[in-house]
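The next block holds one structure in the form of structure tokens; read it before the comments.
Everything numeric here is computed off the predicted structure, so don't read it as measured data. The first residue in the sequence is number 1, and the count goes up from there.
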Amino acid sequence: MGTSTFSGPIQTGTLRQGQYSNVEPVKLVAALNIQAVAALTTDYGPIYIPAGSTVTSMTTYTGTAFTGGSATITVGSTVGGGEYVASTTVKANATFAHTLVVTALGSLGTAGSGLMNTATDATVSALAGVPTTPIYIRITQTATTTAVGTATFVMQYVQNAA
């Protein structure tokens with residue numbers, strides 16, 4: 001399948017101006033496949049998103065359950081960091097919607113600095129302005145480490161049109 005690259009930000013809609021303007025930014029996705037290995041920790045990344053983007057969600061879809069003692073995921077700006085998503089269990093075959101860590105605001109921007117422009121959107125705005133910061137994912141297994149388990153980490157974001 002062919003691919004296309006745009007410098008963005010990408011917007012879509014049929015009416016650019018006026019009372020019924022409906023041109024809005026497009027939600028984009030960065031995804032990373034995770035395969036268990038027989039190790040205590042396995043690191044993935046980095047993932048980079050375009051400058052000025054606002055992360056709206058991070059989710060892990062575990063397709064094949066991890067068979068080690070436990071399996072947790074952390075997401076941060078450094079290998080093994082957890083400032084974006086604190087340690088979350090992802091062992092079972094399920095969908096895990098991660099809660100963004102609000103304390104990441106100090107290093108990445110302020111609430112409302114992205115497209116979510118209210119203080120109540122602090123959790124989704126926590127990663128506004130991430131562009132030059134790498135995003136790393138770490139899977140940690142405890143007790144028995146096995147090479148059984150697969151997941152897909154998905155980060156949704158919107159490019160800032162401002």
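With hydrogens and angles ignored, the 3.5 Å screen pairs a side-chain donor or acceptor of E83 with a backbone N or O of S77. A donor-acceptor pair under 3.5 Å is absent between the side-chain atoms of T64 and the main chain of T150, judged by distance alone. Between the side chain of Y84 and the backbone N or O of Y136, no donor-acceptor pair lies under 3.5 Å. T42 contributes no side-chain N or O that, together with a main-chain N or O of L40, makes up a donor-acceptor pair within less than 3.5 Å. Between the Q141 side chain and the V37 main chain, a donor and an acceptor come within less than 3.5 Å of each other.
Of all the heavy atoms in T60 and H98, the pair that sits closest is OG1-NE2, 2.7 Å. Contact detail for V154 and A31: the closest heavy-atom pair is CG2-CB, 4.2 Å. Here the closest heavy-atom approach between residue A86 and residue T74 is recorded as C-CG2, 4.2 Å. Residue T62 comes nearest to V90 through the heavy atom pair OG1-O, 2.8 Å, listed as atom of the first residue, atom of the second, then distance. Considering all non-hydrogen atoms of both residues, A65 and N93 come closest at CB-N, 3.9 Å.
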Item to complete: Check step by step if side-chain contact (heavy atoms from CB on, under 4.5 Å) holds for L100 and V85.
Response: CA-CA 5 Å; L100 300 181; V85 172; 4.2 Å; yes
Item to complete: For T14 and N22, run side chain to side chain donor-acceptor pair (under 3.5 Å): C-alpha distance rounded to whole Å, both residues' side-chain angles, the deciding distance at 0.1 Å, then the answer.
Response: CA-CA 6 Å; T14 55; N22 65 357; 3.1 Å; yes
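Under the 4.5 Å side-chain criterion, counting only non-hydrogen atoms from C-beta, F66 is in contact with I34. Within the 4.5 Å cutoff, no side-chain heavy atoms of M155 are placed close to those of V75.
A chain of hydrophobic side-chain contacts below 4.5 Å, direct or via other Ile, Leu, Val, Met, Phe, Trp or Tyr residues, connects Y61 to V29. F153 and F96 fall within a single hydrophobic cluster, where Ile, Leu, Val, Met, Phe, Trp and Tyr side chains are chained together by heavy-atom contacts under 4.5 Å.
Here the CD1-CE distance, from I73 to M58, works out to 9.5 Å after rounding to the nearest 0.5 Å. How far OG of S70 is from NZ of K91: 7.0 Å, rounded to the nearest 0.5 Å.
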